[in-house]
Structures are given as structure tokens and as C-alpha cells.
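Everything numeric in this text was worked out from a predicted model, so none of it was measured. When reading the values below, keep in mind they use all heavy atoms of this one structure, side chains included, and skip hydrogens, waters and symmetry mates. Order of the sequence lines sets the chain letters (A, B, ...), proteins ahead of strands, with each chain counted from 1.
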Amino acid sequence: MDSNYEPAVIEAEAQACWNDTEAFSVREDGGREKYYCLCMLPYPSGKLHMGHVRNYTIGDVIARYHRMRGRNVLQPMAWDAFGLPAENAAMQNGVPPGRWTRDNIDYMRGQLKSLGFGIDWSREFATCDPGYYRWNQWLFLKMLEKGLVYQKTGLVNWDPVDQTVLANEQVIDGRGWRTGAPVEKREIPMYYMRITAYADELLAALDELDGWPERVRAMQANWIGRSEGARVAFPYTMDGRNEKLWVFTTRADTLMGVTFVAIAAEHPLALRLGEDNPEAAAFIEKCRTGGVTEAEVATREKEGVPTGFHVEHPITGEPVPVWIGNYVLMSYGEGAVMGVPGHDERDAEFAHKYSLPIGQVLAVEGERYDASHWQDWYGSKDGVCVNSGKYDGLGFAAATDAIAADLEAKHLGEKRIQYRLRDWGISRQRYWGCPIPIIHCEKCGAVPVPEDQLPVTLPEDLTPDGGGNPLARCEAFVKCECPRCGGPARRETDTMDTFVDSSWYYMRYTSPDSSASMVDARADYWLPVDQYIGGIEHAILHLLYSRFWTKVMRDFGLLKIDEPFTNLLTQGMVLNQIWFSRDGDGRITYHNPAGITAEGDGVGRTADGAAVEFGGLGKMSKSKNNGVDPGELIERHGADAVRLFTMFAAPPEQTLEWSEAGVEGAVRFLRRLYRAVAEHVEGEPAERVPADLDGAARELRRQTHATIAKVDDDIGRRYTFNTAIAAVMELLNAVNRFAPETTADRAVVQESLETAIMLLAPIVPHICHRLWREMGHAEPIIDVAWPTADPAALKRDELEIVVQVNGKLRGRIAVDAGANREAVENAALADDNVQRFIGGKAVRRVIVVPGKLVNVVV
RNA sequence: GCCCGGGUGGCGGAACAGGUAGACGCAAGGGACUUAAAAUCCCUCGAUCGCAAGAUCGUGCCGGUUCGAUCCCGGCCCCGGGCACCA
């Protein structure tokens with residue numbers, strides 16, 4: 001055996017073997033247990049980044065592990081090919097987004113192959129393929145038919161200079177990224193998917209998703225945001241008509257404490273009042289500036305304006321002043337809230353600022369109410385009503401019931417369950433996306449494209465220039481006939497949110513060549529996905545939309561599953577150091593950490609000696625110039641070393657800090673492993689491991705089998721690949737310390753090395769492919785059965801027990817594995833150092849944790 | 001602002017159900033081999049005190065529960081993710 005570890009040779013050879021035997025192409029096989037292992041599909045941005053490498057390595061380890069456990073494993077790959085970056089690249093380079101995207105895909109596919117991932121490439125597709133996105137259009141039309149898609153207006157960021165809609169990402173400090181102009185909100189018509197129709201099921205089913213991280217379930221539950229409360233009407237007369245201003249509240253018991261109502265600036269009543277009230281109109285206008293994100297709205301200073309208009313209190317009939325408030329969200333509840341400054345923090349802040357009356361309507365026994373300390377009273381459900389007329393003395397539940405009943409009798413309210421979740425607006429005023437299959441006819445209105453005319457194909461030769469959607473200027477696309485009346489008509493030029501593309505791609509893998517339907521019967525074999533792996537940043541939107549989409553497809557009879565992903569693993573980000581320098585104008589230039597020598601105290605030098613500052617750790621990104629090119633790393637150290645370091649440096653859910661030195665450490669370990677095998681196969685062939693081992697050989701064999709048990713648990717249950725690797729490292733250290741003398745010893749070493757190779761095969765498959773053959777096996781290791789621990793080998797005669805006195809470590813004792821409680825306790829008390837600390841004091845209690853520890857309490 | 005995480009040696013991390021804090025690795029220091037370097041191998045490596053045995057302190061901060069807390073509870077501080085048009 002060649003004594004030098006040459007990753008380039010070994011990796012090419014292993015990959016050729018998998019390729020030639022189509023080792024990872026899979027078919028439906030009812031006789032075998034299937035395992036569908038899925039990683040989030042990449043956006044083809046140019047090159048693979050370390051986040052991709054981490055994601056797909058985790059997936060590949062899990063897939064290969066289950067393959068060795070005998071399962072029929074599907075691991076596919078596709079490309080999330082529509083989206084904004086392609087349009088930006090097009091503007092910069094003058095290349096159509098389609099060409100840029102497809103070039104990137106070709107390059108990145110090569111990179112994925114060089115990492116040796118066990119992917120079934122026969123199922124690959126891109127979401128910009130018409131054969132894929134036609135089914136987006138098809139389901140959209142089905143949903144439209146069933147009322148699950150509808151049209152209404154929605155708010156978007158508007159750049160008044162470029163006259164174009166901006167993505168939230170394109171709004172920087174309230175200004176358009178290209179023009180620097182203050183962004184405005186604008187209302188435009190959009191298509192919505194009725195995800196709220198599934199709010200209850202999406203929420204309830206979270207309880208069943210026990211293969212999902214608790215934090216993701218919590219985030220989704222909060223996002224859906226079910227709250228029980230009441231809808232309350234405040235009647236008023238406007239333009240001679242009797243109207244009702246509806247609010248939603250979770251604290252109907254405080255209704256008698258209302259001193260104002262506040263409505264959103266976009267509320268129809270606000271707009272009507274603005275017509276007669278210049279001050280209100282000016283405030284509404286002011287609220288139009290700024291972006292539409294919730295973070296921006298929520299961090300803005302709370303401001304309001306009195307309209308001078310009053311509505312009636314639904315119980316007392318007293319006039320209540322109407323304010324317009326910038327903190328009231330049109331998108332939640334009714335777009336209006338009742339103000340109870342005596343018992344609500346936000347209302348109190350507003351009332352203090354504008355000197356509105358504050359009154360107490362709740363009392364907690366034994367506590368004195370102080371309006372200037374309203375914080376203490378916020379949210380308390382312990383009190384009873386006071387100053388509330390007939391409701392005095394009632395607690396939260398009783399008061400809510402009584403008030404809701406009275407309101408209902410007057411048709412001025414009822415109990416209501418409200419969700420924070422909003423319907424999913426899918427219209428984008430952008431070119432590089434899936435066309436929305438609608439035709440606008442002057443006579444017939446918005447007409448769905450007939451099914452036999454699908455797909456509505458996106459022309460791929462347009463190049464955006466920043467001045468709006470080029471699709472809208474492409475007459476060849478826009479001009480068409482109305483399918484209903486045959487008259488001249490225009491196509492919808494909005495495209496779909498790219499979250500639509502990623503909501504069902506994992507279903508399409510099961511039937512990638514199906515031209516007659518979205519998915520076919522093969523979906524029933526593979527779905528649901530057994531293990532899904534991707535970034536934590538997708539914890540809410542992508543995963544919630546995918547769950548929704550699954551339920552819609554199920555209700556259309558296309559699927560038999562309720563949930564798409566049985567188990568979910570959310571990986572952390574990959575971080576690297578940030579280094580920068582400033583020029584004379586204070587402008588910042590970022591330097592790639594690979595070229596920096598740190599000099600401590602947050603300073604360093606570039607290769608040409610220029611001083612640079614340390615900017616902390618941050619997500620690897622182009623903008624911070626702190627990315628690492630996986631291609632270059634693979635060339636230098638090999639794919640196995642990159643895979644090993646990525647899996648060893650941190651558990652998958654945590655952030656991972658990049659370290660060049662760490663990769664070198666990984667190479668060192670692989671070389672040690674390689675050398676250990678090379679040295680072993682030099683000697684005489686080993687025989688079977690004899691049953692009667694003792695001493696060091698027996699201990700090495702015990703450790704070998706303990707390692708099997710540990711690695712199996714770490715990979716199969718805990719997903720802590722870092723500790724699995726550490727355990728194999730310990731095993732190899734033990735093998736290297738062990739000096740075999742007899743053929744029995746050699747047999748134990750052989751078993752240990754073969755075990756290490758099998759356990760590492762999912763993580764570093766190339767080197768294991770070669771070493772397994774060098775150990776004399778003809779069968780490729782990917783087809784070898786995963787090892788199981790032999791319980792007989794795990795047995796121990798003697799255990800080490802820790803002895804504490806008052807919870808502090810004072811000694812260690814060795815006891816027989818079978819020793820009873822009393823014997824362990826006596827041995828512990830006999831220890832010299834333990835006696836020293838007992839020091840003649842009375843032993844009050846002795847706690848014995850079997851096999852682990854004794855604590856003597858004195 | 002709201003929701004969800006995280007904080008342990010010089011560094012990445014380990015401690016899985018409340019029971020030995022620091023496995024494994026990186027970096028650093030010392031040594032061996034070598035003409036030399038690289039590679040490799042061996043030793044040391046939380047802080048303080050001590051010749052040593054060992055002792056005391058130590059898991060972001062303050063407090064609590066417990067025989068025993070990195071782990072559970074209450075209150076803070078800092079960092080990160082998400083907030084509906086980045087993907």
C-alpha cells in the first residue's frame with residue numbers, strides 16, 4: 001500500500017466508482033424501507049459558499065449512514081433559480097438573468113460533485129424550467145377556482161425617483177438603495193394565497209411535529225399568533241349613514257376604561273376624516289413615508305393626531321375621541337384599537353404623551369393603584385372590575401363573558417379568535433420569476449389562462465435595467481387574446497414570490513419527469529421527507545409556506561400526507577473574521593481574512609504590510625469579503641478534510657467559526673488514520689478475534705465497541721457529528737498506543753481499524769473507500785452494513801466511582817461492577833481523603849448514584 | 001419594538017435525564033529525530049497558593065431551589081437569527 005495519503009487521487013477514484021455504478025440512483029422499492037433525506041436547495045449565486053458545504057455535508061452524512069443501515073435512500077438536488085440577485089447581476093453585467101443563472105448552475109454542480117455528495121443527479125431540475133413552474137401556475141389556478149387565491153390591494157415600498165417597487169432588502173435606512181430617495185408606501189393590487197384558512201391546522205399540527213426543534217415550533221406558533229378576544233364595534237354616523245368602527249381586543253374586560261380609539265393611517269375612516277381635516281391629512285401623508293417592514297413600524301416613535309371626530313362607546317354611549325396612530329397596524333385585527341391607558345402599556349405611553357385621560361377599571365386586592373405606575377398593572381388578569389358599572393367585582397373571564405354577551409345582544413360585538421398570520425401576498429413586480437397565469441381583458445376583466453395553454457412561458461432574453469419590470473415592456477409577451485371573448489388582451493406581468501417555487505420542489509423530486517401531473521404515484525412512496533436540513537433563517541416563512549402548500553395539495557387529492565417534513569435539522573451559520581481598513585474619507589474597505597496576519601488587540605496586517613482593524617465575527621458574505629472558496633480548499637486539502645473539519649468544529653445547530661488551522665488539523669487526523677492502516681496491512685494477515693481476551697487487548701476491544709455504540713447514537717439520534725468524530729479520534733489514539741504482540745492482538749487492532757473506517761465512512765467517504773479496500777475487502781464500503789456493538793465486549797469488571805463530601809470531589813474508588821449499594825458506600829467511607837474531610841463530623845446522609853458517584857453529607 | 005436562540009480555558013468545543021467542569025481538536029511552550037527545515041513523535045497547558053500531597057476559586061452578571069447547578073427557577077447584561085418583497 002502506498003504510504004502517502006494523496007486526497008486528489010483517492011477522491012477522484014472513489015467518485016469515479018460511485019459514478020460508474022450509479023451508486024446513488026434510486027428507484028421505488030416497496031420491499032425496502034425508504035429514507036428521504038433532503039437539504040434545502042441552493043440559490044445559484046455563482047459559487048458554492050461554506051454554508052452550502054456545511055448543509056450538504058450534514059445531509060450526506062445522514063444519507064450515507066441510513067444507506068449503510070440498509071435503507072433505500074433518496075438524496076436529490078435542484079436549484080432555486082428565480083430571484084432578485086440574477087436581476088442585479090444582469091444590471092451590472094448586461095447579461096440576461098437566465099444565462100447568468102444557468103452558467104452558475106453548471107459551475108456549482110461541478111463543485112457539489114467534487115465534494116462527493118451521494119446525490120441522485122437524475123432527478124435534478126431548476127425552478128426556472130418551464131416544466132417545473134408550469135405546475136406553480138396550474139396549482140395557482142386551481143386555488144383561484146376554489147377561492148384559495150384572491151386579489152386585494154397590499155402595501156409595497158415605492159421608490160419615487162425610479163418609479164419602481166423595492167424589496168425590503170433594497171430599502172436602506174428608509175431610502176431606495178439606488179436613488180437614495182426616501183421610500184414611500186404604496187397600495188397596489190396583488191394576488192394572495194389564503195393561508196389563514198389553514199391557520200388552525202398549521203398551529204394544531206405543530207404539536208405532532210416532534211421531530212422538529214422546539215424553538216422552530218415555538219417561532220411558528222408565535223408567528224401564527226392565535227389570540228382569543230373579542231371584536232367590538234364603536235358606532236358613529238358619517239355622511240348621514242350609521243356606521244361601526246370595529247376593533248379587536250384581547251381585554252374586553254377593560255372596555256369600560258376606554259378613553260380613546262386609535263386607527264391606522266391607512267384605515268378607511270382615517271382616509272375619510274383626512275378629507276375634511278388638514279391636520280389629519282398631513283399626518284396620514286407623513287405616515288406614508290418609510291418602508292413597510294414590521295420592524296421599522298414597531299421601532300418608530302409612537303405618534304398620533306386627534307381627528308376631532310368621536311364614536312360612541314358601545315356600552316355607555318359616551319363619545320370617545322378617534323385618533324390616528326402610527327403604531328396601529330392595518331394588517332392586524334381590524335386596523336383599529338381601543339385605548340385603555342389605565343391597563344395597557346402602549347396605550348398608557350400614548351395617553352401620557354398626548355395628555356389623554358387615564359382611568360382605573362381593574363383592582364387587585366391588597367395593591368394600591370397608581371396611574372403613574374401603570375407598568376405594574378399591564379397585562380394583569382388577576383384583578384376584578386371596578387368603576388365599571390354593572391361589571392364591578394367580576395374577574396377577567398366573567399367580565400369578558402358578560403361584556404361579550406351584552407355586545408352581542410346589541411349587535412356591537414362578539415367573541416372572536418384572531419390570528420397574527422396574514423394571507424400570503426405572492427405578486428412581485430419583477431421579471432425573473434414564474435409568470436402569474438392571468439390575462440387582463442377590457443371586457444372580461446381578469447381571466448385565468450386555460451389549463452391547455454400552460455405553461456405561460458417567461459421570455460429568457462430580457463435584461464432588466466433598474467427601471468421597473470422589463471416584462472411589462474415586452475409586447476411579445478404582454479399582447480395576447482382574451483381566452484373568453486377572443487378580443488385583444490394583456491397578460492399579467494407580475495411574477496410569483498420565489499417562496500412559491502420552494503414550497504413544493506421536494507415533491508417534484510419524486511416524479512421529476514412527470515409531464516401529465518404535478519406529482520404521480522411515486523410521491524406516495526417517497527413522501528414525507530424523513531429528514532430535512534437547512535438554515536435556521538428559514539424557520540418561519542419557507543417552512544410554513546411548505547406546510548401550507550402540502551395541505552392544499554392534500555385537499556386537492558394530489559397527496560396523502562398532512563405534513564411534508566417528519567424531522568427537521570436547522571443548521572447554524574458559518575462565520576469568519578471580518579477585517580477592514582479606512583481610507584482618508586473614512587470609507588471602509590474589507591479585506592479577506594486569509595491574507596491577514598493578526599497582531600493582537602484587534603489589529604493586523606495585510607500581505608503588503610498595511611494595517612487593518614478587526615471587525616469581529618460575522619456571517620461569511622460577499623459584502624464583508626470574508627468568504628472562503630470551497631473549491632480552493634478542496635484543491636489544497638481534499639474534500640474529505642473540508643467535510644471532516646466542517647462536521648467536527650461545532651454541532652450542526654450552532655454557528656461554526658471558520659479556521660484554516662482547523663482544516664489542517666483535519667488533514668493531520670486523516671493522515672494518521674491512513675498511516676495506521678498502512679502500517680497494519682504491512683504485517684501478517686490477522687485471524688478472528690478470540691473470545692478470551694484480557695488486559696490491554698480486552699480494553700481496546702471494549703473501547704472499539706463502546707465507540708460503535710456512541711457513534712451510532714451521535715449520528716443516528718443526536719446529530720452531534722462533532723462528538724462522533726471525537727470518539728473515533730480517541731479510538732485511533734488508543735490503537736496507536738497499543739503495541740500488538742500476538743496474532744490475537746493483531747486481530748483486535750484489525751477490528752478497531754475496520755470499525756473506525758466504517759464509522760467514518762459517512763463523514764469522509766473517499767478515504768474510507770480506499771482504506772476499506774486496502775484492508776482486503778472487495779465490496780465497496782458504501783454497501784457494507786453499519787456495525788453494531790457486541791454487548792459481551794462492552795462488559796466491565798471494575799468501575800471507578802467518584803466520592804464527594806458535601807458535594808465536593810474528594811476521592812475516587814474502584815469497585816466491582818456488581819457491587820451493591822452497601823459495599824460501594826463502605827468503600828467510599830474507607831477512603832483516606834474522604835475520612836480527612838469528614839473529620840469526625842456526623843455523617844447525616846449518604847447519596848449513592850449507582851455506577852457513578854457517592855456523596856457523603858456531614 | 002416583538003418572537004426565538006446563544007454566552008464554558010488563549011481559541012472551536014465536551015459534559016446526552018441535576019451527579020468527576022474542560023473529552024476531542026486548534027494555538028502556544030518545551031523536548032526527540034534531522035546538517036537544517038518541513039513532516040512526525042513525546043511532554044506541559046483554566047486561575048491562585050503549595051516542594052509535594054493537595055487546597056481555594058472558576059461555566060456572562062445578581063439572587064434562589066437542591067446533598068449536589070454549565071444544566072432548573074426569578075431578575076439583568078451582551079451577542080446572533082426572524083419580523084411577511086434577500087434567499
Does A:Arg812 make a side-chain donor-acceptor contact with the base of B:U20, cut-off 3.5 Å?
->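 Side chain to base: pair present.
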Out of [options], which nucleotide sits closest to the side chain of [X]?
X        : options             : result
A:Gln654 : B:C24, B:G13, B:C16 : B:G13
A:Arg672 : B:A27, B:U20, B:G25 : B:G25
A:Asn722 : B:A14, B:U40, B:A15 : B:A14
A:Arg671 : B:U40, B:A14, B:C86 : B:U40
A:Leu853 : B:U20, B:C86, B:C24 : B:U20
A:Asp80  : B:G25, B:A87, B:A84 : B:A87
A:Ala661 : B:G12, B:C24, B:A27 : B:A27

Is any side-chain heavy atom of [Y] closer than 4.5 Å to one of [X]?
X        : Y        : value
A:Gln418 : A:Tyr332 : yes
A:His637 : A:Glu660 : yes
A:Phe721 : A:Thr57  : no

Give me the ring orientation class for [X] and [Y]: parallel if the planes are under 30° apart, tilted from 30 to 60°, perpendicular past 60°.
X        : Y        : answer
A:Tyr532 : A:Tyr506 : tilted
A:His542 : A:Phe499 : parallel
A:Tyr198 : A:Phe548 : perpendicular

Looking across every strand, which nucleic acid part, if any, lies under 4.0 Å from [X] by heavy atom: base, sugar-phosphate, or nothing?
X        : result
A:Val171 : nothing
A:Pro651 : sugar-phosphate
A:Thr299 : base
A:Phe499 : base
A:Leu421 : base
A:Asn733 : sugar-phosphate
A:Val216 : nothing
A:Met190 : base

Indicate syn or anti for B:A17, taking the glycosidic torsion and treating anything within 90° of 0 as syn.
-> syn
Looking at the angle O4'-C1'-N9-C4 for a purine or O4'-C1'-N1-C2 for a pyrimidine, is B:G9 syn or anti, with syn meaning within 90° of 0?
-> syn
Starting at atom CH2 of A:Trp658, determine the distance to atom C1' of B:G13, rounded to an integer number of angstrom.
-> 16 Å
[atom1] atom, [N] versus [M]: distance in rounded Å?
N     : M     : atom1 : value
B:C2  : B:U70 : C1'   : 29 Å
B:G13 : B:C49 : P     : 31 Å
B:C42 : B:C26 : P     : 12 Å
B:A28 : B:G10 : C1'   : 8 Å
B:A17 : B:A38 : C1'   : 49 Å
B:G68 : B:A14 : P     : 28 Å
B:C73 : B:U66 : C1'   : 12 Å

A:Glu214 with A:Arg217: basic N within carboxylate O range, under 4.0 Å = yes
Do A:Glu730 and A:Lys710 sit within salt-bridge range, that is, some charged N less than 4.0 Å from a carboxylate O?
-> no
What are the atom names and distances for every N/O pair under 3.5 Å that joins the protein to nucleotides 50-60 of chain B?
from  : atom 1 : to       : atom 2 : distance (Å)
B:A55 : OP1    : A:Arg810 : NH1    : 3.2
B:U56 : OP1    : A:Arg810 : NH2    : 3.3
B:U56 : OP2    : A:Arg810 : NH1    : 3.1
B:C57 : OP2    : A:Lys808 : NZ     : 3.2

When you measure from every atom of RNA chain B, which of residues 43-57 of chain A have a heavy atom less than 4.0 Å away?
-> A:Tyr43
Decide if the gap between the ring center of A:Tyr327 and the ring center of A:Phe350 is smaller than 6.0 angstrom.
->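 Judged by ring-centre distance (under 6.0 Å), A:Tyr327 and A:Phe350 do meet the cut-off.
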Would you please indicate yes or no on a ring centroid separation below 6.0 angstrom for A:Trp658 and A:Phe645?
-> yes
Map A:Ser659 and A:Glu169 onto RNA chain B by nearest heavy atom, then report which one ends up closer to the 5' terminus.
-> A:Ser659
Residue whose closest nucleotide on RNA chain B lies nearer the 5' end, A:Arg717 versus A:Arg737 =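 On the 5' side of the pair lies A:Arg717.
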Can you name the one residue among A:Val500, A:Asp497, A:Thr498, A:Leu84 that meets side chain to side chain contact (heavy atoms under 4.5 Å, CB included) with A:Arg428?
-> A:Asp497
Passing candidate, side chain to side chain contact (heavy atoms under 4.5 Å, CB included) with A:Ile838, options A:Asn833, A:Leu829, A:Asn806 | A:Leu829
Distance test, side-chain N/O of A:Thr498 to OP1/OP2 of B:A87, below 4.0 Å | yes
For A:Lys852, all residues meeting salt bridge (charged side-chain N to carboxylate O under 4.0 Å, His left out), sequence neighbours excluded =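 Per chain and number, A:Lys852 pairs via salt bridge (charged side-chain N to carboxylate O under 4.0 Å, His left out) with no residue.
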Ignoring hydrogens and angles, state whether a donor on the side chain of A:Trp177 or A:Asp159 is under 3.5 Å from an acceptor on the partner side chain.
->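 Side chains of A:Trp177 and A:Asp159: no pair found under 3.5 Å.
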With a cut-off of 6.0 Å (strictly less than), are more than 12 heavy atoms of other residues, nucleotides or ligands near NZ of A:Lys185?
->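 Atom NZ in A:Lys185 is crowded, with more than 12 foreign heavy atoms closer than 6.0 Å.
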How would nucleotides 65-83 of chain B be written as a contact map, 5' to 3', with B for base contact, S for sugar-phosphate-only contact and - for no contact, using protein heavy atoms under 4.0 Å?
-> --B------------SSSB
Which residues satisfy the side-chain hydrogen bond (donor to acceptor under 3.5 Å, both in side chains) test with A:Arg668, sequence neighbours excluded?
->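 Residues passing side-chain hydrogen bond (donor to acceptor under 3.5 Å, both in side chains) with A:Arg668: none at all.
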Stems involving RNA chain B: give each as a range paired with a range, ordered by first number, where a stem means at least three consecutive Watson-Crick or G-U wobble pairs under 3.5 Å.
-> B:1-7 with B:77-83, B:10-12 with B:24-26, B:28-32 with B:40-44, B:46-49 with B:54-57, B:60-64 with B:72-76
